[in-house]
Structure formats: structure tokens, C-alpha cells
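Fair warning: this is a prediction, and the values are worked out from it, not measured in the lab.
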Amino acid sequence: MDVAAYLNNAAEGWPKAPGVPEAVKRTLEAPPEAVGRGAAEHDPVEAARGAMADWLEVASHCIVFAGSATLAFNLAIQGLPGEIFRRVVTSVMEHNSVLRPLRQALARWGGHLTVVGLDGEGRLDRSAWFRALEQGATLAILNHVSNVTGQINPVEELLAPARASGAITLLDASQSVGYLALAPSRWPVDLMVFGGQKGLHGPPGVGVLYVAPHVRLRPLYSGGTGVHSKLTEQPEQMPLRLEAGTPNGPALAGLVAALRWRRRFGAEFAERARKLAQRLEEGLSAIGRVRLFGAKGPRLGVISFRIEGWDPNETAWVLRASFGVVSRAGLHCAPLMHEALGTADAGTVRFSVSGFNSEQEVDWALLAVRAIAR
């Protein structure tokens, strides 16, 4: 069945922002430029770096590009010195892109890990978070917005005590980018990661890592950089220190187009997504036999639910096959969050809206859930 409602934007934003497909196509069709080797009239990597740095209001050398947000998390976590893992504080909300490289680093370096759970309302337990930081945290990792429930964590309130005590702080902005303002240079944030394909509605294949000027990461991999070719070791200067290999020029060109569109229409886009999420949440709450997960209150357009008597994967299959509604089912790569929610057996069905969705799409999805629940 044709797609009648695309509600899987937390995995990948669709459709792409206006201008993105054209920019990717134009770059693929043009002769490849010898970036960094003196012959290029246009450097797509530095153009993208400059556009991203301007958008985040940071210096361009603080922006590192990787092949995905997952790779960017590995650059951030695996690149930290071993002593930083002496006492780590994080939460059950974290994605496997954080949890798995973190576990690898702890296995290599040793250290103590505290994972803070949820409070009685389903939010991050702030009291437990602050108690854990008081034990002398050396690294604090926080999910800005849950990819399971859309719950928003207050960055400054939760990370300021960690930064004040000397800890390194890492923010996962994968779900908040494009919907909430990001201000890493003004926040108590040393490292921040997100991808270009979700809230920015850019192409896949681009992960963005912000590295504060005072943080020094060890290169995870090394190789050609196009400049400083006399060196037999990876260049020391940022961001080349953390980048090697042929850059994904088409994807970076698409990212620039997405940022250009975002600068003009981002506020309107985010507000429309907020209203649609509220409409979707209120509609699901009114359907019998449907259970929503996560605390009430401020959340972005990510909503997890179950229908009584239905396996989440079966629900998602029927939504797509019979109604053309694209959702996602399962654990959403966040196993600790599902343990905390009591849904670790099969996960949830997840709807995630964007500013490109319409009220008609949301209402059609609600009609589909209502029919299945009956």
C-alpha cells in the first residue's frame, strides 16, 4: 500500500528538506573536486563545516564530521582518556549508540558506571541524578530528548553541576536537533552529537560532533586528509585530528541545503510539529485499550504506545499493510529505557511526527489505531 502517513521521523526525517535532493544530485553529477589539494574551486566539506558552525554559533574547528551519529559517538567516547571513565553517570534513556561504545571503553579502562532511572511519573529521576554527580563524576552523558517517549531533559540544569565539578559532559542531541535550539557554546556541554537525517531532514551519511575547544580527543582512526601529506601520523590540528578518508561530499552538500532551509523556516516547522504531536497524543489517549508511555508534559513529537492484546510488531505491520501508516516497533535501540518502562519484552509502537506532516495524516493514523483497537 502507498504511504498515507509517514510517522517514523525519529528514525529518519522524510520528506527531505526542500533543496536537499537537488543539492545531492548536483554534487553527484558534477566532476569530483580535489578537496584540500589546491585545485578545488569549491570545498563542500568546509562549506558544510562553516554552515554548521554558524548555525550552532561555534568556531568551525569545533565541528567534526563523521559517517553517522553512531560513528560520531564512538569518536567522542572512545577518544577520551582512560581516567575520564573513573566515575561515569548516565541515564536509562540512552541509545545503544552511546551505551555500547561506553561499555567498550569501561571494559578497556575500568571505572564505575551509575545509570540513573526514572521517577514515579516517568521522567528522569533528577534527585538520583544529582546524588550520582555528588559522588564525584568524571563523565556525564545525557540524552536531550528520549527517542522512545519524546521526554525532554533540561540540559543546563542537569549538566551544570557536572561541569562545575570538573566532569566532561556529552549531550545526545539526535532527537532534539531541528526542534529545540542548540547552544553548546553557552551550555555546560563539552561534546555534542547528532545526525543530519532526522530533525534536519538532510541526507543520511552525516554525523556531527561538536568538540569544545578545551577538550582533546584521541583519533579513533587515521588515514588520508588531503593536506599535511608529509606527515606519517594523523595531523594534530582540529578537526583533521578526528577526520580521515574521502568525505561524503554529496551528503554534506545536502546538509548545507537543509541548514539553509532551516534558517528560513525552522521556527515555523518546529511549531507545526509541536502542535501535531499534541493532536496525536490527545487522540491516542482517547482510544480505549491504548496505553501511552512516558510522563505527561513537555515532549517532542515522539510517542510510544501499545494496544491491549496486540504485539507491537504486529500492530506496526497492520498499520503499514492495511492503512499505509509508517511507524516503528520494537525496543528502538534503547533497551534500558524499555526495562524502566516495563516494555522490554517486545517494546512499543512508536509514532514520530515532523513539521512536514499534516493534520490529515495524524487523523488518518488515529483512525487506523482506533480500528485495530476495536
Side-chain angles (χ1 to χ4, degrees), residues 3-21 55-56 69 93 95 123 143-155 171-183 192 194-204 208 254-255 257-286 292-305 319 324-328 332 334 348-369:
V3 173
Y6 182 83
L7 300 180
N8 192 25
N9 291 281
E12 181 166 347
W14 185 83
K16 298 306 177 184
V20 169
W55 188 60
L56 292 176
M93 292 185 174
H95 191 277
R123 298 184 181 87
N143 191 313
H144 195 183
V145 173
S146 169
N147 75 315
V148 178
T149 65
Q151 219 70 53
I152 303 171
N153 286 320
V155 174
L171 181 69
D172 177 358
S174 298
Q175 296 299 331
S176 56
V177 64
Y179 296 103
L180 299 178
L182 301 180
M192 183 176 74
F194 56 85
Q197 83 282 13
K198 296 187 180 183
L200 290 178
H201 286 254
V208 179
L255 181 64
L259 289 174
R260 188 179 299 122
W261 184 88
R262 180 71 48 175
R263 279 189 175 277
R264 294 186 61 192
F265 303 105
E268 177 187 344
F269 176 89
E271 177 61 17
R272 186 161 58 248
R274 185 194 66 79
K275 290 180 178 178
L276 290 172
Q278 183 178 0
R279 186 184 188 94
L280 183 60
E281 182 177 6
E282 290 174 354
L284 289 171
S285 299
L292 272 60
F293 295 90
K296 292 183 178 180
R299 75 163 93 201
L300 289 190
V302 180
I303 300 172
S304 274
F305 67 95
L319 284 168
V325 176
V326 179
S327 63
R328 183 162 180 171
H332 316 301
T348 60
V349 181
R350 185 183 70 187
F351 282 161
S352 47
V353 301
S354 83
F356 288 128
N357 287 120
S358 65
E359 291 185 355
Q360 290 76 17
E361 287 178 288
V362 167
D363 291 345
W364 178 252
L366 291 171
L367 182 149
V369 172

Query - N153 side chain vs V155 backbone, donor-acceptor pair below 3.5 Å - result: no

Requested in this report: Could you pull out the closest heavy-atom pair between V20 and P203, with the gap in Å?
Outcome: CG1-CD, 3.7 Å

Query raised in the report: Taking the six-membered ring for Trp, are the ring centroids of F351 and F305 within less than 6.0 Å of each other?
Result: yes

Query raised in the report: Just by modelled atom types, is the V145 backbone N or O under 3.5 Å from a matching donor or acceptor in the Q151 side chain?
Result: no

Query raised in the report: Do side-chain atoms of K198 reach the backbone of G13 as a donor and acceptor pair under 3.5 angstrom?
Result: no

Query raised in the report: Under the 3.5 angstrom rule, does the side chain of N8 hit a backbone N or O of V326 as a donor-acceptor pair?
Result: no

**Report entry** Beyond-backbone contact of L276 with L280, side-chain heavy atoms, under 4.5 angstrom
**Finding:** no

Query - Nearest-0.5 Å distance that lies between atom CG in L284 and atom CG in L292 - result: 5.5 Å

Requested in this report: Return the set of residues passing salt bridge (charged side-chain N to carboxylate O under 4.0 Å, His left out) with R279 (not counting sequence neighbours), or none when no residue passes.
Outcome: E359, D363

Report task. Compare every heavy atom of L319 with every heavy atom of A368, then report the nearest pair and how far apart it is. Result -> CB-CD2, 3.7 Å

Requested in this report: Apply side chain to side chain contact (heavy atoms under 4.5 Å, CB included) to N147 and H95, showing your working.
Outcome: CA-CA 8 Å; N147 75 315; H95 191 277; 3.6 Å; yes

Requested in this report: For residues 257-266, pull every pair meeting salt bridge (Lys or Arg N to Asp or Glu O under 4.0 Å), keeping only residues two or more places apart or in separate chains.
Outcome: none

**Report entry** Rounded distance [0.5 Å steps], CZ in R272 versus OG in S354
**Finding:** 8.0 Å

Sequence neighbours excluded and cut-off under 3.5 Å, please list the side-chain donor-acceptor pairs for residues 176-183, or say none.
from : atom 1 : to   : atom 2 : distance (Å)
S176 : OG     : H144 : ND1    : 2.7
S176 : OG     : A173 : O      : 3.4

**Report entry** A17 versus A258, closest heavy-atom pair with distance
**Finding:** CB-CA, 4.2 Å

Query raised in the report: Quick check: does any side chain N or O of T149 sit under 3.5 Å from a backbone N or O of G294, one acting as donor and the other as acceptor?
Result: no

Report task. Answer yes or no: is there a side-chain heavy-atom contact under 4.5 Å between S352 and I303? Result -> no

Report summary line: Rounded to the nearest 0.5 angstrom, the CG-CZ distance for L7 and R350 is 11.0 Å

Query raised in the report: Quick one: side chain to side chain donor-acceptor pair (under 3.5 Å) partners of N357, sequence neighbours excluded?
Result: N9, E361

Requested in this report: Find the distance between CG (L255) and CD (Q197) and round it off to the nearest 0.5 Å.
Outcome: 10.5 Å

Report summary line: Between V353 and A273 the two heavy atoms that sit nearest each other are CG2-O, 3.7 Å

Requested in this report: Report the residues that fulfil salt bridge (charged side-chain N to carboxylate O under 4.0 Å, His left out) with R274, sequence neighbours left out, ordered by chain and then residue number.
Outcome: E271

Query - Reported CZ-to-CZ distance for the pair R123 and R299, which is rounded to 0.5 angstrom - result: 9.5 Å

Requested in this report: Can you sort out the partners of K16 under salt bridge (charged side-chain N to carboxylate O under 4.0 Å, His left out), two or more places apart, ordered by chain and number?
Outcome: E12

Query raised in the report: Would you say F356 and P18 make side-chain contact, with heavy atoms under 4.5 Å?
Result: yes

Report summary line: Distance col, row Q175:CD vs M93:CE, nearest 0.5 angstrom, shows 12.5 Å

Query raised in the report: Does the side chain of V325 reach to within under 4.5 Å of the side chain of W364, using non-hydrogen atoms?
Result: yes

Report summary line: Closest non-hydrogen atoms of A277 and G301, given as atom of the first, atom of the second and distance, are CB-CA, 3.5 Å

